[in-house]
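Heavy-atom basis, side chains included; hydrogens, waters and symmetry copies ignored.
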Amino acid sequence: MTQKPYKLVQIDEVRWEIPRTGKMRVPGLIYTDARTLPDIEKDESADQVYNVAQLPGIVGRSLAMPDVHWGYGFPIGGVAAFDEHEGVVSPGGVGYDINCGVRIALTGLNKESLYPRIRPLIDSFFAKVPSGVGSRGGIRLNKSELSKVLKAGAAWAVSQGMGEESDLDRIEAGGALQGADPSVVSDRAFERGKDQLGTLGSGNHFLEIGFIEKIFDEDTAAQWGIVQDQVTVMVHSGSRGLGYQVCDDFLARMVKSVAAEGIELPDRQLACTRLHTPLAREYLGAMAAAANFAFANRQILMHLARTTWEKSLGISPRELQFRLLYDVCHNVAKFEMHTLNGQKRRVMVHRKGATRAFPKNHPELSEVYRSTGQPVLIPGDMGRASYILAGQEGAMNETFGSACHGAGRILSRHEALRQTKGRSIERELQDQNVYPRWVGRKTLREEFPHAYKDVSIVVDVVQRAGLARKVARIRPMGVVKG
DNA sequence: ATGTAC
(Lines give C-alpha, C1' and ligand atoms only; values in the text may rest on other atoms or scores of the structure.)
Protein backbone atom coordinates (compact mmCIF):
# COMPACT_ATOMS: atom_id res chain seq x y z
CA MET A 1 0.00 0.00 0.00
CA THR A 2 1.36 3.36 -1.02
CA GLN A 3 1.73 6.13 1.52
CA LYS A 4 -0.84 8.94 1.17
CA PRO A 5 0.57 12.49 0.88
CA TYR A 6 -1.81 13.63 3.65
CA LYS A 7 -2.99 12.53 7.09
CA LEU A 8 -6.54 11.86 8.22
CA VAL A 9 -6.80 13.06 11.83
CA GLN A 10 -9.76 12.42 14.09
CA ILE A 11 -11.07 15.65 15.68
CA ASP A 12 -14.10 14.28 17.54
CA GLU A 13 -16.73 11.56 17.13
CA VAL A 14 -17.99 12.82 13.77
CA ARG A 15 -15.15 14.90 12.29
CA TRP A 16 -11.93 13.80 10.62
CA GLU A 17 -9.57 16.49 9.36
CA ILE A 18 -6.98 16.51 6.60
CA PRO A 19 -4.55 19.11 7.99
CA ARG A 20 -3.14 21.52 5.45
CA THR A 21 -0.04 20.14 3.79
CA GLY A 22 1.80 20.32 0.45
CA LYS A 23 -0.15 22.38 -2.08
CA MET A 24 -3.37 22.46 -0.08
CA ARG A 25 -4.68 26.02 0.33
CA VAL A 26 -7.13 25.05 3.08
CA PRO A 27 -7.62 21.98 5.31
CA GLY A 28 -10.05 19.21 4.43
CA LEU A 29 -12.83 18.04 6.72
CA ILE A 30 -14.78 14.80 6.43
CA TYR A 31 -17.93 14.20 8.47
CA THR A 32 -18.07 10.53 9.37
CA ASP A 33 -17.93 8.22 12.35
CA ALA A 34 -16.19 4.98 13.19
CA ARG A 35 -18.94 3.03 11.36
CA THR A 36 -18.62 4.80 7.98
CA LEU A 37 -14.90 5.64 8.12
CA PRO A 38 -13.82 2.27 6.64
CA ASP A 39 -16.02 2.88 3.57
CA ILE A 40 -14.35 6.24 3.03
CA GLU A 41 -10.87 4.76 3.41
CA LYS A 42 -11.73 2.10 0.81
CA ASP A 43 -12.10 4.44 -2.15
CA GLU A 44 -10.36 7.62 -3.31
CA SER A 45 -12.82 10.11 -1.87
CA ALA A 46 -10.40 11.45 0.75
CA ASP A 47 -7.79 11.88 -2.03
CA GLN A 48 -10.39 13.93 -3.86
CA VAL A 49 -11.07 16.09 -0.79
CA TYR A 50 -7.30 16.68 -0.63
CA ASN A 51 -7.17 17.55 -4.36
CA VAL A 52 -10.07 20.02 -4.17
CA ALA A 53 -8.32 21.80 -1.27
CA GLN A 54 -5.59 22.79 -3.77
CA LEU A 55 -7.87 24.74 -6.14
CA PRO A 56 -7.39 28.52 -6.54
CA GLY A 57 -9.44 30.72 -4.24
CA ILE A 58 -10.97 27.95 -2.15
CA VAL A 59 -12.11 29.28 1.25
CA GLY A 60 -12.94 27.63 4.58
CA ARG A 61 -12.35 23.93 4.13
CA SER A 62 -12.69 21.28 1.44
CA LEU A 63 -15.65 19.39 2.88
CA ALA A 64 -17.12 15.90 2.58
CA MET A 65 -20.39 14.60 3.99
CA PRO A 66 -20.76 11.10 5.51
CA ASP A 67 -22.27 9.76 2.26
CA VAL A 68 -19.12 10.74 0.35
CA HIS A 69 -17.82 8.45 -2.37
CA TRP A 70 -15.59 8.64 -5.41
CA GLY A 71 -16.76 10.92 -8.23
CA TYR A 72 -15.52 12.72 -11.35
CA GLY A 73 -12.79 15.04 -10.02
CA PHE A 74 -14.68 16.21 -6.95
CA PRO A 75 -16.09 13.56 -4.62
CA ILE A 76 -19.85 12.96 -4.57
CA GLY A 77 -20.87 14.24 -1.16
CA GLY A 78 -18.42 17.13 -1.47
CA VAL A 79 -18.90 20.83 -0.67
CA ALA A 80 -16.41 23.54 -1.66
CA ALA A 81 -16.73 27.34 -1.68
CA PHE A 82 -14.59 29.79 -3.64
CA ASP A 83 -13.87 33.49 -3.22
CA GLU A 84 -15.80 35.58 -5.77
CA HIS A 85 -12.61 37.35 -6.94
CA GLU A 86 -9.79 34.81 -6.57
CA GLY A 87 -11.81 31.64 -6.97
CA VAL A 88 -12.97 29.30 -9.71
CA VAL A 89 -16.03 27.44 -10.87
CA SER A 90 -15.66 23.81 -11.91
CA PRO A 91 -18.15 21.63 -13.82
CA GLY A 92 -16.74 18.59 -12.01
CA GLY A 93 -17.72 20.28 -8.74
CA VAL A 94 -21.35 20.29 -9.83
CA GLY A 95 -21.42 16.95 -11.60
CA TYR A 96 -22.67 15.64 -14.92
CA ASP A 97 -26.28 15.59 -13.75
CA ILE A 98 -26.75 19.32 -13.14
CA ASN A 99 -29.45 19.88 -10.50
CA CYS A 100 -30.00 16.24 -9.90
CA GLY A 101 -32.36 16.58 -6.97
CA VAL A 102 -35.32 15.27 -5.09
CA ARG A 103 -38.78 16.40 -4.11
CA ILE A 104 -41.34 14.99 -1.72
CA ALA A 105 -45.10 15.43 -1.78
CA LEU A 106 -47.41 14.60 1.11
CA THR A 107 -50.89 13.10 0.79
CA GLY A 108 -54.02 12.69 2.90
CA LEU A 109 -53.85 8.89 2.65
CA ASN A 110 -52.48 6.46 5.21
CA LYS A 111 -50.49 3.27 4.64
CA GLU A 112 -53.29 0.86 5.61
CA SER A 113 -55.63 2.19 2.97
CA LEU A 114 -52.94 2.19 0.26
CA TYR A 115 -51.14 -1.15 0.78
CA PRO A 116 -53.91 -3.22 -0.91
CA ARG A 117 -53.72 -0.92 -3.96
CA ILE A 118 -49.96 -0.36 -4.20
CA ARG A 119 -49.46 -2.75 -7.14
CA PRO A 120 -51.95 -1.19 -9.55
CA LEU A 121 -50.69 2.24 -8.49
CA ILE A 122 -47.03 1.47 -9.18
CA ASP A 123 -48.01 -0.36 -12.39
CA SER A 124 -49.84 2.73 -13.64
CA PHE A 125 -46.89 4.99 -12.75
CA PHE A 126 -44.65 2.60 -14.63
CA ALA A 127 -46.95 2.80 -17.66
CA LYS A 128 -47.26 6.59 -17.61
CA VAL A 129 -43.84 7.89 -16.54
CA PRO A 130 -41.20 7.58 -19.28
CA SER A 131 -38.18 5.89 -17.64
CA GLY A 132 -34.78 4.49 -18.48
CA VAL A 133 -31.69 5.65 -20.36
CA GLY A 134 -32.62 7.86 -23.28
CA SER A 135 -36.28 7.86 -22.31
CA ARG A 136 -38.40 10.21 -24.40
CA GLY A 137 -42.07 10.70 -24.86
CA GLY A 138 -42.34 13.32 -22.22
CA ILE A 139 -43.15 16.76 -23.54
CA ARG A 140 -41.89 17.73 -27.00
CA LEU A 141 -40.78 21.33 -27.39
CA ASN A 142 -39.28 23.48 -30.10
CA LYS A 143 -36.20 25.54 -29.41
CA SER A 144 -37.97 28.76 -28.49
CA GLU A 145 -40.35 27.04 -26.08
CA LEU A 146 -37.49 25.06 -24.52
CA SER A 147 -35.62 28.35 -24.05
CA LYS A 148 -38.55 29.54 -21.94
CA VAL A 149 -38.22 26.41 -19.77
CA LEU A 150 -34.50 27.05 -19.34
CA LYS A 151 -35.22 30.56 -18.08
CA ALA A 152 -38.33 29.95 -15.98
CA GLY A 153 -37.75 26.47 -14.50
CA ALA A 154 -40.64 25.07 -12.48
CA ALA A 155 -42.73 28.20 -13.14
CA TRP A 156 -42.94 27.17 -16.80
CA ALA A 157 -44.61 23.91 -15.81
CA VAL A 158 -46.99 25.77 -13.50
CA SER A 159 -47.86 28.15 -16.37
CA GLN A 160 -48.86 25.07 -18.40
CA GLY A 161 -51.25 23.93 -15.68
CA MET A 162 -48.85 21.43 -14.12
CA GLY A 163 -48.94 22.29 -10.45
CA GLU A 164 -49.84 25.39 -8.52
CA GLU A 165 -48.32 28.80 -8.00
CA SER A 166 -47.86 27.99 -4.30
CA ASP A 167 -45.52 25.10 -5.26
CA LEU A 168 -42.85 27.65 -6.15
CA ASP A 169 -42.43 28.71 -2.50
CA ARG A 170 -41.68 25.07 -1.77
CA ILE A 171 -38.78 24.69 -4.20
CA GLU A 172 -35.16 25.68 -3.56
CA ALA A 173 -34.50 29.06 -5.21
CA GLY A 174 -38.20 29.30 -6.07
CA GLY A 175 -37.74 26.67 -8.78
CA ALA A 176 -35.46 28.79 -10.99
CA LEU A 177 -31.81 29.83 -10.70
CA GLN A 178 -31.19 33.41 -11.77
CA GLY A 179 -28.88 34.19 -14.67
CA ALA A 180 -29.89 31.26 -16.87
CA ASP A 181 -28.73 31.96 -20.42
CA PRO A 182 -30.13 29.66 -23.15
CA SER A 183 -27.87 31.35 -25.74
CA VAL A 184 -24.79 29.61 -24.27
CA VAL A 185 -26.46 26.17 -24.24
CA SER A 186 -25.19 24.24 -27.28
CA ASP A 187 -27.45 23.08 -30.10
CA ARG A 188 -26.52 19.56 -29.18
CA ALA A 189 -27.71 20.06 -25.59
CA PHE A 190 -30.98 21.54 -26.90
CA GLU A 191 -31.33 18.57 -29.24
CA ARG A 192 -30.91 16.07 -26.40
CA GLY A 193 -33.30 17.94 -24.11
CA LYS A 194 -36.13 18.80 -26.46
CA ASP A 195 -38.14 15.62 -25.93
CA GLN A 196 -36.86 14.61 -22.48
CA LEU A 197 -38.85 16.96 -20.29
CA GLY A 198 -41.06 14.89 -18.01
CA THR A 199 -38.88 11.76 -18.13
CA LEU A 200 -37.32 10.02 -15.16
CA GLY A 201 -33.98 8.80 -16.49
CA SER A 202 -32.05 5.81 -15.17
CA GLY A 203 -29.62 4.62 -12.52
CA ASN A 204 -30.64 5.77 -9.07
CA HIS A 205 -33.39 8.03 -10.39
CA PHE A 206 -36.79 6.91 -9.19
CA LEU A 207 -40.38 7.63 -8.31
CA GLU A 208 -41.23 6.14 -4.92
CA ILE A 209 -44.35 5.79 -2.79
CA GLY A 210 -43.71 5.45 0.93
CA PHE A 211 -45.16 6.30 4.31
CA ILE A 212 -44.06 8.20 7.42
CA GLU A 213 -42.71 5.42 9.60
CA LYS A 214 -41.37 7.52 12.43
CA ILE A 215 -41.49 11.13 13.57
CA PHE A 216 -38.50 12.52 15.46
CA ASP A 217 -39.39 16.20 15.76
CA GLU A 218 -43.11 16.52 16.59
CA ASP A 219 -43.25 20.32 16.44
CA THR A 220 -41.61 20.67 13.04
CA ALA A 221 -43.56 17.71 11.62
CA ALA A 222 -46.81 19.31 12.77
CA GLN A 223 -45.86 22.65 11.19
CA TRP A 224 -45.06 20.90 7.92
CA GLY A 225 -48.26 18.80 7.93
CA ILE A 226 -46.44 15.49 8.42
CA VAL A 227 -48.28 12.78 10.38
CA GLN A 228 -47.56 9.17 11.36
CA ASP A 229 -48.37 6.57 8.62
CA GLN A 230 -49.06 9.29 6.04
CA VAL A 231 -48.38 8.25 2.43
CA THR A 232 -45.61 10.19 0.65
CA VAL A 233 -44.39 10.52 -2.94
CA MET A 234 -40.74 11.09 -3.78
CA VAL A 235 -39.25 11.98 -7.17
CA HIS A 236 -35.51 11.77 -7.77
CA SER A 237 -34.40 13.04 -11.18
CA GLY A 238 -32.28 15.66 -12.88
CA SER A 239 -31.52 17.49 -16.12
CA ARG A 240 -31.23 14.35 -18.28
CA GLY A 241 -29.24 14.50 -21.52
CA LEU A 242 -29.39 18.30 -21.62
CA GLY A 243 -27.47 18.77 -18.36
CA TYR A 244 -25.03 16.02 -19.27
CA GLN A 245 -24.23 17.76 -22.55
CA VAL A 246 -23.75 21.16 -20.85
CA CYS A 247 -21.26 19.59 -18.44
CA ASP A 248 -19.45 17.79 -21.25
CA ASP A 249 -19.28 20.93 -23.44
CA PHE A 250 -17.76 23.10 -20.72
CA LEU A 251 -15.38 20.46 -19.37
CA ALA A 252 -13.87 20.24 -22.85
CA ARG A 253 -13.42 24.01 -23.02
CA MET A 254 -12.00 24.30 -19.51
CA VAL A 255 -9.49 21.49 -19.98
CA LYS A 256 -8.02 23.79 -22.67
CA SER A 257 -8.30 27.09 -20.76
CA VAL A 258 -6.68 25.86 -17.54
CA ALA A 259 -3.08 26.21 -18.75
CA ALA A 260 -3.70 29.67 -20.24
CA GLU A 261 -5.09 30.82 -16.91
CA GLY A 262 -2.00 29.53 -15.12
CA ILE A 263 -3.96 27.06 -13.02
CA GLU A 264 -2.08 24.01 -11.77
CA LEU A 265 -4.32 20.98 -11.21
CA PRO A 266 -3.59 17.79 -9.24
CA ASP A 267 -6.19 16.03 -11.45
CA ARG A 268 -7.35 16.95 -14.98
CA GLN A 269 -10.92 16.15 -13.92
CA LEU A 270 -10.83 19.26 -11.72
CA ALA A 271 -10.83 21.47 -14.83
CA CYS A 272 -12.16 24.90 -13.87
CA THR A 273 -12.03 28.56 -14.81
CA ARG A 274 -11.57 31.72 -12.74
CA LEU A 275 -14.85 33.33 -11.77
CA HIS A 276 -14.10 36.65 -13.52
CA THR A 277 -13.63 35.07 -16.98
CA PRO A 278 -16.21 35.14 -19.80
CA LEU A 279 -16.02 31.32 -19.78
CA ALA A 280 -17.15 31.26 -16.14
CA ARG A 281 -20.08 33.53 -16.95
CA GLU A 282 -21.03 31.26 -19.84
CA TYR A 283 -20.79 28.09 -17.78
CA LEU A 284 -22.84 29.59 -14.96
CA GLY A 285 -25.46 30.74 -17.48
CA ALA A 286 -25.64 27.29 -19.09
CA MET A 287 -25.54 25.51 -15.72
CA ALA A 288 -28.44 27.62 -14.42
CA ALA A 289 -30.37 26.84 -17.63
CA ALA A 290 -29.80 23.10 -17.12
CA ALA A 291 -30.73 23.43 -13.44
CA ASN A 292 -34.00 25.07 -14.48
CA PHE A 293 -34.69 22.22 -16.91
CA ALA A 294 -34.33 19.86 -13.94
CA PHE A 295 -36.67 21.96 -11.74
CA ALA A 296 -39.27 21.89 -14.53
CA ASN A 297 -38.69 18.17 -15.04
CA ARG A 298 -39.42 17.31 -11.40
CA GLN A 299 -42.44 19.62 -11.38
CA ILE A 300 -43.83 17.79 -14.44
CA LEU A 301 -43.01 14.32 -13.09
CA MET A 302 -44.81 15.13 -9.84
CA HIS A 303 -47.83 16.42 -11.73
CA LEU A 304 -47.84 13.27 -13.84
CA ALA A 305 -47.76 11.16 -10.66
CA ARG A 306 -50.66 13.08 -9.19
CA THR A 307 -52.92 12.91 -12.24
CA THR A 308 -52.06 9.25 -12.87
CA TRP A 309 -52.92 8.46 -9.25
CA GLU A 310 -56.27 10.25 -9.42
CA LYS A 311 -57.22 8.48 -12.65
CA SER A 312 -55.92 4.97 -12.03
CA LEU A 313 -57.32 4.60 -8.51
CA GLY A 314 -60.34 6.80 -9.18
CA ILE A 315 -59.51 8.96 -6.20
CA SER A 316 -60.68 12.56 -5.90
CA PRO A 317 -58.20 15.42 -5.40
CA ARG A 318 -60.05 16.15 -2.17
CA GLU A 319 -59.30 12.68 -0.81
CA LEU A 320 -55.75 12.48 -2.16
CA GLN A 321 -54.80 15.90 -0.72
CA PHE A 322 -51.64 15.89 -2.75
CA ARG A 323 -49.28 18.79 -1.87
CA LEU A 324 -45.60 19.52 -2.35
CA LEU A 325 -43.45 19.53 0.79
CA TYR A 326 -40.18 20.65 -0.83
CA ASP A 327 -37.77 20.25 -3.74
CA VAL A 328 -33.98 20.40 -3.26
CA CYS A 329 -30.93 20.43 -5.53
CA HIS A 330 -28.23 17.85 -4.94
CA ASN A 331 -25.84 19.01 -7.68
CA VAL A 332 -25.37 22.73 -8.18
CA ALA A 333 -23.05 25.74 -7.80
CA LYS A 334 -24.37 29.10 -6.60
CA PHE A 335 -23.23 32.47 -5.32
CA GLU A 336 -24.26 32.76 -1.66
CA MET A 337 -23.43 35.00 1.29
CA HIS A 338 -21.48 33.27 4.05
CA THR A 339 -19.63 34.44 7.15
CA LEU A 340 -15.94 33.50 7.35
CA ASN A 341 -13.88 34.53 10.37
CA GLY A 342 -16.61 37.02 11.29
CA GLN A 343 -16.61 38.56 7.81
CA LYS A 344 -19.52 38.40 5.36
CA ARG A 345 -18.39 37.26 1.93
CA ARG A 346 -19.97 36.32 -1.37
CA VAL A 347 -18.70 32.90 -2.36
CA MET A 348 -19.37 30.35 -5.10
CA VAL A 349 -20.62 27.28 -3.24
CA HIS A 350 -20.30 23.97 -5.09
CA ARG A 351 -22.56 21.22 -3.78
CA LYS A 352 -22.00 17.92 -5.53
CA GLY A 353 -24.09 15.22 -3.94
CA ALA A 354 -24.89 17.58 -1.08
CA THR A 355 -28.06 19.36 -0.01
CA ARG A 356 -28.53 22.96 1.02
CA ALA A 357 -29.54 22.96 4.71
CA PHE A 358 -30.39 26.57 5.61
CA PRO A 359 -31.62 27.04 9.20
CA LYS A 360 -34.52 29.10 10.48
CA ASN A 361 -34.45 32.85 9.79
CA HIS A 362 -32.18 32.49 6.77
CA PRO A 363 -33.10 35.38 4.44
CA GLU A 364 -33.05 33.17 1.31
CA LEU A 365 -35.80 30.89 2.66
CA SER A 366 -39.40 31.49 1.63
CA GLU A 367 -41.84 32.55 4.34
CA VAL A 368 -43.19 28.99 4.54
CA TYR A 369 -39.98 27.67 6.11
CA ARG A 370 -38.57 30.82 7.74
CA SER A 371 -39.48 29.70 11.27
CA THR A 372 -38.37 26.04 11.04
CA GLY A 373 -35.41 25.92 8.68
CA GLN A 374 -35.74 24.32 5.25
CA PRO A 375 -36.70 20.71 4.65
CA VAL A 376 -33.58 18.69 3.77
CA LEU A 377 -34.65 15.65 1.74
CA ILE A 378 -32.45 12.56 1.97
CA PRO A 379 -33.38 9.56 -0.18
CA GLY A 380 -31.93 6.28 1.05
CA ASP A 381 -32.06 2.97 -0.79
CA MET A 382 -35.03 1.03 -2.19
CA GLY A 383 -35.44 -1.29 0.76
CA ARG A 384 -34.69 0.58 3.97
CA ALA A 385 -35.56 4.23 4.50
CA SER A 386 -35.41 7.87 3.48
CA TYR A 387 -35.32 10.92 5.75
CA ILE A 388 -36.80 14.38 6.03
CA LEU A 389 -34.46 16.67 7.98
CA ALA A 390 -34.48 20.38 8.80
CA GLY A 391 -31.51 22.71 8.31
CA GLN A 392 -29.61 23.74 11.46
CA GLU A 393 -27.32 26.65 12.42
CA GLY A 394 -24.27 24.37 12.50
CA ALA A 395 -24.47 24.14 8.71
CA MET A 396 -24.01 27.91 8.40
CA ASN A 397 -21.04 27.81 10.77
CA GLU A 398 -19.22 24.90 9.19
CA THR A 399 -20.46 23.66 5.80
CA PHE A 400 -21.63 26.73 3.87
CA GLY A 401 -25.19 25.76 4.74
CA SER A 402 -24.98 22.15 3.54
CA ALA A 403 -25.71 18.58 4.62
CA CYS A 404 -25.60 15.09 3.08
CA HIS A 405 -27.73 14.11 0.06
CA GLY A 406 -28.38 10.39 0.37
CA ALA A 407 -27.01 7.09 1.55
CA GLY A 408 -23.94 7.12 -0.69
CA ARG A 409 -22.82 4.20 -2.83
CA ILE A 410 -20.39 1.70 -1.35
CA LEU A 411 -20.40 -0.85 -4.15
CA SER A 412 -19.62 -0.10 -7.78
CA ARG A 413 -22.31 -1.18 -10.23
CA HIS A 414 -20.04 -4.00 -11.33
CA GLU A 415 -19.47 -5.17 -7.76
CA ALA A 416 -23.21 -4.92 -7.00
CA LEU A 417 -23.92 -7.23 -9.95
CA ARG A 418 -21.27 -9.67 -8.75
CA GLN A 419 -22.67 -9.81 -5.21
CA THR A 420 -26.26 -10.32 -6.37
CA LYS A 421 -25.56 -13.06 -8.92
CA GLY A 422 -28.41 -15.54 -8.95
CA ARG A 423 -30.53 -13.51 -6.51
CA SER A 424 -33.97 -12.08 -7.19
CA ILE A 425 -33.89 -8.57 -5.80
CA GLU A 426 -37.52 -8.24 -6.86
CA ARG A 427 -38.50 -11.07 -4.51
CA GLU A 428 -36.26 -9.79 -1.71
CA LEU A 429 -37.90 -6.36 -1.94
CA GLN A 430 -41.38 -7.85 -2.04
CA ASP A 431 -40.55 -9.85 1.09
CA GLN A 432 -39.95 -6.45 2.71
CA ASN A 433 -43.29 -5.11 1.42
CA VAL A 434 -41.71 -3.00 -1.32
CA TYR A 435 -43.19 -3.44 -4.81
CA PRO A 436 -40.70 -2.50 -7.57
CA ARG A 437 -41.09 -1.89 -11.31
CA TRP A 438 -38.00 -1.11 -13.38
CA VAL A 439 -36.71 -0.70 -16.91
CA GLY A 440 -33.14 -1.91 -17.41
CA ARG A 441 -32.18 -5.59 -17.28
CA LYS A 442 -29.55 -4.94 -14.58
CA THR A 443 -31.06 -1.92 -12.85
CA LEU A 444 -32.51 -3.64 -9.81
CA ARG A 445 -29.35 -5.60 -9.00
CA GLU A 446 -27.10 -2.55 -9.53
CA GLU A 447 -29.32 -0.58 -7.16
CA PHE A 448 -30.00 -3.26 -4.54
CA PRO A 449 -30.17 -1.85 -1.00
CA HIS A 450 -26.74 -2.97 0.19
CA ALA A 451 -24.98 -1.29 -2.74
CA TYR A 452 -25.49 1.75 -0.48
CA LYS A 453 -24.42 2.76 3.02
CA ASP A 454 -27.10 2.64 5.70
CA VAL A 455 -28.78 6.03 5.34
CA SER A 456 -29.73 5.97 9.04
CA ILE A 457 -26.04 6.06 9.98
CA VAL A 458 -25.31 8.84 7.47
CA VAL A 459 -28.17 10.97 8.82
CA ASP A 460 -27.18 10.24 12.40
CA VAL A 461 -23.70 11.67 11.73
CA VAL A 462 -25.20 14.78 10.14
CA GLN A 463 -27.46 15.33 13.15
CA ARG A 464 -24.68 14.78 15.70
CA ALA A 465 -22.53 17.26 13.79
CA GLY A 466 -25.32 19.85 14.13
CA LEU A 467 -25.82 20.33 10.37
CA ALA A 468 -29.47 19.23 10.26
CA ARG A 469 -32.00 17.62 12.60
CA LYS A 470 -34.16 14.57 11.96
CA VAL A 471 -37.84 15.36 11.43
CA ALA A 472 -39.23 12.10 10.02
CA ARG A 473 -38.30 8.77 8.48
CA ILE A 474 -40.02 7.33 5.41
CA ARG A 475 -40.38 3.63 4.67
CA PRO A 476 -40.72 2.65 0.99
CA MET A 477 -43.88 0.84 -0.25
CA GLY A 478 -43.33 0.79 -3.99
CA VAL A 479 -40.88 2.21 -6.51
CA VAL A 480 -40.42 2.86 -10.23
CA LYS A 481 -36.73 2.70 -11.21
CA GLY A 482 -35.37 3.94 -14.52
C1' DA B 1 -25.57 10.51 -13.98
C1' DT B 2 -25.18 9.62 -19.61
C1' DG B 3 -28.28 8.34 -27.03
C1' DT B 4 -23.06 3.87 -20.65
C1' DA B 5 -17.78 5.45 -27.15
C1' DC B 6 -18.48 10.06 -32.09
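Atom CD1 of A/I76 and atom P of B/dT2 are 13 Å apart (whole Å). In this structure, the CD atom of A/Q245 is 9 Å from the P atom of B/dC6, given to the nearest Å. As rounded to whole Å, 16 Å separates atom P of B/dA5 from atom CG of A/L251. The distance from atom CZ of A/R188 to atom C1' of B/dA5 is 11 Å, rounded to the nearest whole Å. In this structure, the CG atom of A/L242 is 12 Å from the C1' atom of B/dT2, given to the nearest Å. For A/Y96 and B/dA5, the OH to P distance is 12 Å, given to the nearest whole Å.
At the heavy-atom level, A/E191 lies nowhere under 4.0 Å from the strands shown. Residue-level contact check: A/G238 touches neither bases nor backbone, having no heavy atom under 4.0 Å from any strand. At a threshold of 4.0 angstrom between heavy atoms, the contacts of A/R413 are confined to the sugar-phosphate backbone, with no base atom among them. Across all strands, A/G95 comes closer than 4.0 Å to no nucleic acid atom at all (heavy-atom distances).
Map A/K481 and A/D248 each onto its nearest nucleotide of DNA chain B; the residue landing nearer the 5' end is A/K481. Summary of the strand contacts: A/H205 and A/V133 both lie near DNA chain B, and taking for each the nucleotide with the nearest heavy atom, the more 5' one is attributed to A/H205.
Among pairs with a residue in residues 232-243 of chain A, none fulfils salt bridge (charged side-chain N to carboxylate O under 4.0 Å, His left out), at least two apart in sequence or across chains. Among residue pairs with one or both ends in residues 283-295 of chain A, none qualify as salt bridge (charged side-chain N to carboxylate O under 4.0 Å, His left out); sequence neighbours excluded.
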**Message:** For a side-chain contact (heavy atoms from CB on, under 4.5 Å) check, start with the C-alpha distance between A/Y283 and A/V89, then their side-chain angles and the critical distance, and finish with the verdict.
**Reply:** CA-CA 8 Å; A/Y283 172 68; A/V89 62; 3.9 Å; yes
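Cation-pi check for A/R475 over A/F211 is not met; the charged atom does not lie both under 6.0 angstrom from the ring centroid and within 45 degrees of its normal.
At B/dT2, one or more side-chain N or O atoms of A/S202 fall inside 4.0 Å of OP1 or OP2 (strictly under the cut-off).
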